[in-house]
Participant: 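Structure provided below as structure tokens; questions to follow.
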Amino acid sequence: MPELPEVETIARGLQRQIAGDVIESVWIGSKPEPLKSSAREIARTLEGAQIIAVRRVGKHLVFDLRRQPGNLSQPVRRSTKKAARMANAAKKEISGARGTLGRRTETAQWIVHLGMTGSMLIALPETAIPPHTHAIATLRSGRELRFVDPRRFGRLQVRHGDGFAATGREPLDVGMEIFAALFRGRNTPIKSALLNQKLLAGIGNIYADESLFRAGIRPRRRAASLTRAELLRLYEAVQQVLNEAIAAGGSSVSDYVNAEGEAGLFQFELRVYGREAEPCAVCGAPVRRIVIAGRSSHWCAQCQK
DNA sequence: ACTATTTCCTGGATGC
DNA sequence: TGCATCCAGGAAATAG
């Protein structure tokens, strides 16, 4: 399931391959459509837009777009000096790192949440369209961007402007003091707190379990009961696990593949997730599985207190 | 204001 | 073999 490292891997692949490309047309199929914006609004926003950048925010993929309002995809006319000047200004903006916003371009964002089983694939049009393909964006380069999601928990959305923000802190950017403050006074199990996207954005079931194992903290411990030393261990464990997982291209435990359709490798490094009854890699005690907030939680009773 | 539970969805695993 | 049932889980909705 795509969590922070998986979404980061996909975003990097997309950024490398399709940044600068232009979306020429959009097809949205299947009903009910997995959308937060209407199909019409998504098509209207994406068609003719240039992809300036692709990045990750929490578990969301964010496509930063730039478009010429009221001037879909046809080239800018240069019949007058004024038009030429404006075209140059627009060009400068597109090639420049972050120019001032001109009158002739506007920014928009395509926000994609992959849910449990979603993938965003770069494909050539001649390759077979896999089952459960819910949206296809055709690019000027001739390639296609395909949103595939068997379990349909993913969501597509467009926004005007460039202000999409995560609901919670980025685990890899947050400082220790703010991290510790997130859990202060919370009576919920630390496992639930780690999954709460309004606190930290991007951690899901796999990396919550792995982080707690590395930090030596039982998943049922009340968040507020963690000592400063434990919070520090958790802080470091979260960053370590996420960074290692990103370096390994994510964990492919179910359907996850990156933008090129390749699996990750971090599933082989998981120490407790999905290892119920197997011996703990550190002490040999059997890994346990309990349910917290309706989610499987894997842990070692010897190593975690 | 918080916390806990239910719901959505479908392929794969399990059970009889 | 076949059919029914269960399970996985992110996040929004609902309940307490």
Participant: Categorize A:Arg289 for me: base, sugar-phosphate, or nothing, with a 4.0 angstrom heavy-atom threshold over every strand shown.
Facilitator: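 If one applies the 4.0 Å heavy-atom cut-off, A:Arg289 turns out to touch the sugar-phosphate alone, with no base involved.
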Participant: Mind checking A:Met116 for me? I need base, sugar-phosphate or nothing, with any heavy atom below 4.0 Å counting as a touch.
Facilitator: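 It contacts base atoms.
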Participant: Report which part of the nucleic acid A:Ser296 touches: base, sugar-phosphate, or nothing (heavy-atom distance under 4.0 Å, all strands).
Facilitator: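 The answer is sugar-phosphate, as A:Ser296 gets under 4.0 Å only of primed atoms, P, OP1 or OP2.
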Participant: Is there a side-chain contact between A:Ser192 and A:Ile292, using heavy atoms and a 4.5 Å cut-off?
Facilitator: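 Of all side-chain heavy-atom pairs linking A:Ile292 with A:Ser192, at least one is under 4.5 Å.
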Participant: Which sits closer to the 5' end of DNA chain B, A:Arg186 or A:Arg295, going by the nucleotide each is nearest to?
Facilitator: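 With A:Arg186 and A:Arg295 compared, the 5'-side residue is A:Arg186.
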Participant: Return whichever of A:Pro150 or A:Arg222 has its heavy-atom-nearest nucleotide of DNA chain B closer to the 5' end.
Facilitator: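 It is A:Arg222 whose nearest nucleotide is closer to the 5' end.
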Participant: Just to be sure I understand the rule, does A:Arg155 reach a base, reach only the sugar-phosphate, or reach nothing, if contact means heavy atoms closer than 4.0 Å?
Facilitator: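 No contact.
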Participant: Contact class for A:Pro189 vs. all strands (heavy atom < 4.0 Å): base, sugar-phosphate, or nothing?
Facilitator: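 Sugar-phosphate, backbone atoms only, no base.
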Participant: Once hydrogens and angles are ignored, does a donor-acceptor distance under 3.5 Å link the base of C:dA8 to the side chain of A:Arg151?
Facilitator: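 Under the 3.5 Å cut-off, the side chain and the base do form a donor-acceptor pair.
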Participant: Which nucleotide wins on minimum distance to the side chain of A:Ala293, given the candidates C:dG10, B:dA4, B:dT5?
Facilitator: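 Of the options given, the side chain of A:Ala293 lies nearest B:dT5.
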Participant: With centres under 5.5 Å and planes under 30° as the test, does A:Phe153 stack with C:dG10?
Facilitator: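 Stack criterion met.
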Participant: Among C:dG10, C:dG9, B:dT10, find the nucleotide with the atom closest to the side chain of A:His132.
Facilitator: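 Selected nucleotide: B:dT10.
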Participant: Classify the nucleic acid contact of A:Asn187 as base, sugar-phosphate or nothing, counting any heavy atom under 4.0 Å across all strands shown.
Facilitator: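 Sugar-phosphate: the residue A:Asn187, judged by heavy atoms under 4.0 Å, touches backbone atoms but no base.
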Participant: Quickly work out the A:Lys59 NZ to C:dG9 P distance and round it to whole Å.
Facilitator: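 It is 11 Å, rounded to the nearest whole Å.
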